[in-house]
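Because the structure is a prediction, the values reported are computed rather than measured.
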Amino acid sequence: MSATAPVAEMAPLELLEGSTAIARAAILSNCRFFAGYPMSPFTGLLENMAKLMPAAGGVCINAESEIEGVNMVIGAASTGARAATGSCGQGIALMQEAVAEAALNETPLVIFNMARNQQDYFQCTRGGGWGDYRTLTLAPKDVPEAVEHTQLLFHLADKYRAPVILYGDPLIAQTRVGVRLAAPDLEPLAPKDWALDGTMGGTGKSRQVWTWAMGKVTDPGLGPDGHWRAVADKFEMIAAAEQRWESAYADEAETLVIAFGSAAKFTEYVVDELRAEGHSVGWFRPITLWPFPGAALAQATRSSRRVLVYELNAGQMLDDVRQFVHDRDTVRFIGGVSIHESGLSYGPLLDAPVLRDRILAAMAQPTER
Amino acid sequence: MLDSTSEHELLILGIGGQGIQLIGKTLAQAATSSGRHAMLAAEYGGEMRGGPSQATVVIGERPLRSLPILASAGSAIVMHDRFCGVVPERLRAGGLLVVNSSIVDPAAAGDGYRVGGLPATDIARELGKPQTAGFIMLGAFNALTGLVTHEQLVDAMRSLLPPYRIEHADSNAAALLAGSDAARDLELSGTVAA
Amino acid sequence: MSVINTQTPPTGPAQKVAEFHTPLILGEHGLCPGCGEPVALRILLETLQELNLVQRTIGVVGHGCYGSFVRIMDIDVLQCLHGRAPACATGIKRMRPDTAVFTLQGDGDMVNEGLQEVIHAAARGENVTCILLNNGVFGDTGGQQTATTVLGQRTKTSLEGRDAEKHGYPIRIADIVASVDGAGYVARGAVNTAREVMRTKRLIRNAFESQLAGEGLSLVEILTMCPTGWFVTAPDGPDYLESSMTAAYPLGVLHSRSAEAN
């Protein structure tokens, strides 16, 4: 199941750095407010937004911190504007209180986690804020898909009135790829009759964006109990409706390799090579990290004798794989922490020959089934 | 290995200041302008000059499956010997290897490749523009592979120059042409051009 | 003493005292007897009415006792995170530049949790009006020391009175903001007497006029009574404010771009 948002095929190919392509895709999706604080490799997106937003009639603010940046975005989004922020790892950590707030007061916004590696899986899928909320997270495998996901995320944020995350990385932020950019063609959404525009003052029907949802003395709201139950129900509904994944050869392969984001593109490449050499191997890729495509994974691993998890961290998605895989005893971890000496990007483990060796080594081990 | 002839992968290796990123970008932009899919991935140290600099360019007719960290490449341009250890790791047997013979000994560049040495730094000095050695190498490489037309390469180079560097356009174009001319006299398989 | 002329009809209809309440207040507040914050709310909302801004105003309300005003004020409101109101107001104003945007924050909210917010918003020259309700204590949590607690003031976290050596000095945020280039109007008022209430209302009006004129960030610090947090009786609150706070926080206009231009 692809996360593809339809894009006009006739748009010309342009060679764009990922950060530029994402910025332009966001603006084509009518994003008109962006605020962020520089942090590599997110910085390129901030610079592109600063360059491109004014001509689009929008605003980009180099905020004094990630905390201010995300709260400016909550303000902008509360007026109905499409708004986004971004950072990576530590910067996203600073935003967690506001991400939870946006989830609970139902402000739609997009967070670009242009991460340094894959160590933010828990941060994206579990979050660090308070309350019963989730953050829908898309993990593109390359720049063209990051463009599609960007446009889809603005749509989903509005559709569900919730903060959503694009989980990118240095390869997506900094690689230049030929992409086609066009305004997305997505289903129409309900008007934002909840948005603050100031016009309802004094009518008795003035609007509130309020996590506690108590309403007015003259028109009480659901209050925290009712509102937070409703928000939790909404996330349960999203969990059922928005799972995205893709896989290949799952039904016919002894060994299935699970990976997300850039690592999934490397996996796809290596698995194709191995299959051409006659190995019985396939791959499965969660596109939404939350909601995790658990039922699809269970189905895909029904006949697998080995389920190999390849991620560039100490084993975070591994938890989700173990939760949903058909047989937990088949799971082996072949990823690991691997950081470039600069600290800003992947280390040597994200490499096709290394992955190939790890898959072959795992396939040489006896299976449990 | 899969047949990957449908995608052409090029490794460009050298040190910062040699224009590694710019020539990679020029080739990728020229391919994109000609309607093909291209990818340019870069890796370089923090220094503007003197540190290792590497670019990879992939060109294909369809959306690319090649990785931003190339699994292997069909060709390589090597501008400096300090950082060409990547070649035996990644360049496929029989691949095209174009080396800057002013700095790198083509004989030492590795076995099993189609090697062409081009004294790009010397030619650039003769042109009076020593900083254009990279464009000389690119002009030669493109003449050998025919990936894009010479005109597409020159147009891409011009389109990528920022306004404050636009005065270099003519000398860069001259360097592309000099490289293209030199390639005509180049014998591959380890023979060094004079 | 003037005598009402009963020979001619009155020029306007008779008004009961209760009708002086702004219709923007939808019901009773639930704060303590003697609290100054409802008075500040009333003059804020009356000002919006008088400036004809009621249907083009968005408020951003922080966290403190005044947070409960969201339930009784008939104005579009974003109730934001503690300390973050100037950032949220920035996003709102940039997307809706035709609205009047204000923040309502306490001293704990603006000067403790969100100190940098108001300073940076002022430095950016954001055209928003920040209303600081300064009573020198965390009222909502039961009377702890804030960054503006005056020296000598007893709180639950400075039981023997705020001592500079132990607890540091209070921060005069309005003076700091007044020194920032992007500020348009900065003033300090109080609501402990009828006279100061009327004066402070004028300061609020000036601040919104400054915002509408695009002069940059405007800030009105309002000293408000918190008899509960101060451990005094409700009737003693106004006098206590006069004796303790106004010495540390002198009232008046601290900065006015338009006045300085004239």
Report, as yes or no, whether the 6.0 Å neighbourhood of atom NZ on A/Lys265 holds more than 12 heavy atoms from other residues, nucleotides or ligands. yes

Answer yes or no: are there more than 12 heavy-atom neighbours, outside A/Tyr37 itself, under 6.0 Å from its atom OH? no

Both conditions, 6.0 Å and 45 degrees, for the charged tip of A/Arg285 above the ring of A/Phe260: are they met here? no

Count the heavy atoms belonging to other residues, nucleotides or ligands that lie under 6.0 Å from CD of B/Glu167, then report whether that count exceeds 12. yes

Side chain, backbone, both or neither: which part of A/Glu14 has an atom under 4.5 Å from a heavy atom of chain B? backbone

Check whether B/Arg36 gets within reach of chain A through its side chain, its backbone, both or neither, counting any heavy atom under 4.5 Å. backbone

Heavy-atom proximity to chain B below 4.5 Å, by part of A/Leu171: side chain

